[in-house]
Amino acid sequence: MNSTRKAGGFFARLSSTRIVYLVALLTLIVGAVLVATTGRNFFSPGNISSILTGTSVLGFIAIGQTLVILVGSLDLSVPYVASLTSLIAAGVMANSSANILPGVLLALGAAAVIGLANGLIVAGLKVHGFIATLGMGLIISGYLATNFKGSFGQAPFAFRLVGATGLGPVPISTLIMLGCAVLAMLLLHRTRTGHHIYAVGGDLNVARMSGIRVQTPIITAHVLCSLLAGMAGLLLASRLGVGSPTVGSQGGYDLLSIAAVVLGGTLLSGGKGTITGTLGGVLIFAMLDNIMSVMQVNPFLKDVVRGVVIVVAVAVYARRSIVKRQPRFGHGQPEEPARKQEVAA
Amino acid sequence: MSRTMPPAGAAVLEQNRAGAGERFLRGLATPGGAVFLLLVALLAAIIVANPSFGEPESLIRFIGRTAPIAIAAIGQYFVIVAGEFDLSMGSVVTMQVIVAGNLIGDDDAKVLPVLLLMLVLGALIGLINGLVTTLLKVPSFIVTLGMMLALFGLVMFWTGGAAQGNPADSFRQIGRGGIQDVPVFGVIPYPVIILAVAAALGFWLMRRPYGRTLIAAGDNSAAAALTGARVWWVRTRAFMLSSLAATVSGILLVGYAGVHPSVGRGYEFTAITAVVLGGVVLGGGRGWLLSAAAGAFALESLFTLLNFLGVESTWRDTVQGVIIIVAVAAAARSWQRRRRGSALPARAEQHRITATSAKPAEGTEQGGNGY
Amino acid sequence: MRTKGIRTAVTLAAASSLLALTACTTDPSVTEDTGTASEGASPGATEQTEWFDQALYDEQNEQRTATFEGSPDEPWLQYIAGDMTDTSKFASEGGHKVCFANASISNPWRQTGWITMNEQLKVLQDEGVVSEMETRDAKDNDNTQIADIDYFINEGNCDAFIISPNSTAALTPAVERACETGKPVVVFDRGVETDCATTFIHPIGGFAWGIDSANFLTERLQEGDKVVALRILPGVDVLEQRWAAAEKIFAEKGIEATDYFTNADPTEIKKIISDELATGDVQGVWMDAGDGAVAAIEAFEDAGKDLPVMTGEDELSFLRKWKETGIDALAPVYSNFQWRTPLLAVQKIFAGEEVPAEWVLPQQPIPAEELDDWLERNDGMPDGHYAKFGGEDLPGYPDVWQQRQMP
């Protein structure tokens, strides 16, 4: 705490999670004003529901992505896992409520197997996460394109309710996503595996030398990431009513989720970051999309805005990290509490 | 910058003491060398599947059409060996293709000015990527991801999606034409010559102090900085080289394929795949430039082989996925063995600095300076 | 400090539960009925991995030679006589707000149509029929488009919906929700598995395209000749049906056909053709969309082979290359002028005029005899423009299309 106070500058005094939510607040205010100029209400139930719906799918994936990034890896296979699980779920359910449970379990089981494979390739074969999951994504993508020509299966009514029901303006899917976020936080902060995830992502060799079996957290993170991508796939099956071989790649969730995680203040090299921050990053993206859609911004310009926002926002955190880490070289002592705070923030 | 010379230079001298034959064989046993074996195996398989492919005319044409992706891989190599990513490559290719189509038109007089403009644009994009990465400390994955989105969006917004049409034939000749009536080969396509020049320049550059500093910066940024190198500028130039390579690819593709907004789509991932297939390690500090180019050829050969074997085109992704995982896993084992294998110090010498590198499985961050 | 993250989450959860107490809402239109209804409409929904549909094939085969009502000078208003929807209940004066849920403008065909649609909008705004059109672009994403439609239903104050679905089955429930608002719903281009829309506008369809193009090729080729089929991507109904019909005809006539997915990337197309030419001669090229056709022809030129018999599309780059090389070709058309029709349908609906329940627009390929005429009519347009865009009488012609101006 001390070291952060000493270092000057406004941003330097803030934890990255707080900056994320400041940016989110700023987006909210600008959004409310802009939306008001079109004669709409940013805070109307329909609009809030629209924004929150936008956070659900990306939220699931980004939570998982946070775990793998924290452990020092990446997951580029998430869109294909989401497509595959949507197909498995809708295919197994085949419009019968009795099949919901088997459908969900089979879909998540397949996702977990893929995650396990990713984890084993990264931790066991020492393949960089980028390549391992890019390759896994390609493998699944080829399978999907060869075996599924268009949508497949049918989600029964009871299952489709999950994607269509809300408590007030808050969709059930968003609540489930937040539930997963809480579980992920508990994992990170309350369990040994969670601490090991931070340790391995911070410095693999130091972690190994401190007696951590470094494979376990890496594999765990990958399995959980795929499972969460599977949850996203289930939600998509619920919203679409069918499984679709392209629904994951349509969303561009691989790069978008990584961007959301980094936007949420997590270090892309691992070891530092929070789930809360990621949720903030996802919220910023959802609000940005919502505002631009209400303003009827040209679809091509939307990408320009997204691209600029990602870089500018991350530049703000990056500046802060530099200031913050400086004392590390001067005095060894304050580093430890500062780090703990970051971990918990 | 010459101050970085002694350690690296000493390593090379040590290497050079071995005989040429031994060095060659030793080289093949590295991931960077193994890709050449893979390439030869794939080419042999293609020739078995379709003997006419082995004729010099077909081979040279194959080299010509692979030149754009090989040049892109060479550009991406500079960035990856410095411990960074360039995801904006595909968008740069698309932008350059459309700039050529829309600004040159049928007017031969505009070819040179627009060509110049394209090179300036390419360098400028690389400069922005590099400066934001090095000075603002934004991870290059994010910088170039943002650039990829923004650039493509701007180009599509500017053109309304539809390109005006193919530019003047004189411009397209660069990518489509060649030197006629050459013995044995028949025609030597210009892209082959441009690729050869690019590879030679790159090879030369990597042997210059710049190349050595670049590898040092990718391997251990802090150590490189301590030797007095301006690491930020070394890295920034790597991004400029990458964007310029994408520009050259774009120029060739305008000739080879023509102008269309989907030219260049996914080029960044293909280029990264090629580089990695060439045994270059993501995270920086290890790998050879010519192996990266060979990786591009191996990848293209693979696709061609699948075409000749009549494999359903939808399975192509799967095969590509398996190959890159297997190749990189094999490379990782090989690098590991080398690090442990202290019995042969001369062999380990070349990668001496690497042996102390902390994080073999990482590298999404820019080399660790500042964090 | 350590528990702060958890506290935040707990706060969030608590806030959500508070909201939960205020109201529990289920989208009223998601009911048990819609599930069975959509199943009834398309019994094959569960097992739809084969795209060939004999009944639809036969229907579209007949429609190719059917008589169209209305003036051939305005093909975007022509239709095949059939069931009409009575719209007298919608008859009303004054400007109406139209909400348009668009799948995307990510390819030149959709961009051209989008420009045309906006010019048509200006005309109707000047006439006072439409006050404004609010558009949401789903960027080729089913999930986004479902959210877009729900947003329009809840927040849009829409007087009418126009929906260009991104995919068939996935968008069906959302279109049904739009229908249940009681406002007119116009669906165009790709269809959905419900007939609740006031009118569904589309050119004859993919099977007709496949029949036109495959018949043209088989008439000119011998049994045993080779055709390379260049397809954009799998899984899109209007594209899959084109190939399903063509594949059947090629098989019947003993033509050897190999198909590839190209993502419409000319680099891929050129490589594929080059590889095919390296393994043997290719007599015909079939495409499910015309962009990239130039690369295919150039691959033959560069390899020094005889140019193939070919079918492309009414995209100008193909028409120009066709003219330049003098190949034996046909340009099948997936009528781009259909982008005008939805707004004109809205005009008719608010005037209380009946509209066809299924508005089948003409889809006439461009044969060699008409090539010069279509090239002349589209002089000065960019290569990515479509000859049968049907906007020549709209105010912005020709600058808006030449400059590719779109909002």
Within the distance-only criterion (no hydrogens, no angle test), does the side chain of C:D137 pair as donor or acceptor with the backbone N or O of A:P299 below 3.5 angstrom? no
N/O donor-acceptor pair under 3.5 Å between C:W51 side chain and A:G150 backbone: no
C:N157 atom CG, neighbour heavy-atom count above 12 within 6.0 Å: no
Is it the case that A:S50 and C:E155 place a side-chain donor and acceptor less than 3.5 Å from each other? no
Are any of the side-chain heavy atoms of [X] and [Y] separated by less than 4.5 Å?
| X | Y | value |
| --- | --- | --- |
| C:N143 | A:Q250 | no |
| C:R136 | A:V294 | yes |
| A:F300 | C:Q111 | yes |

Is it the backbone or the side chain of [X] that comes under 4.5 Å from a heavy atom of chain A, or both, or neither?
| X | value |
| --- | --- |
| C:T135 | both |
| C:N166 | side chain |
| C:E240 | side chain |

Which heavy atom of [X] sits nearest a heavy atom of [Y], and at what distance?
| X | Y | answer |
| --- | --- | --- |
| A:G46 | C:N154 | CA-CB, 4.1 Å |
| A:G251 | C:N141 | CA-ND2, 3.4 Å |
| A:N298 | C:P407 | ND2-O, 3.1 Å |
| A:Q296 | C:M133 | OE1-O, 3.7 Å |

Most contacts with chain A, counted as non-hydrogen pairs under 4.5 angstrom, among C:D140, C:I105, C:D142: C:D142
For the atom pair [atom1] ([X]) and [atom2] ([Y]), what is the distance rounded to the nearest 0.5 Å?
| X | Y | atom1 | atom2 | result |
| --- | --- | --- | --- | --- |
| A:S293 | C:E134 | OG | CD | 9.5 Å |
| C:L233 | A:K149 | CG | NZ | 11.0 Å |
| C:L171 | A:L240 | CG | CG | 7.5 Å |
| C:Y151 | A:S49 | OH | OG | 11.0 Å |

Most heavy-atom pairs under 4.5 Å with chain C, out of A:N47, A:L236, A:N41, belong to A:N47
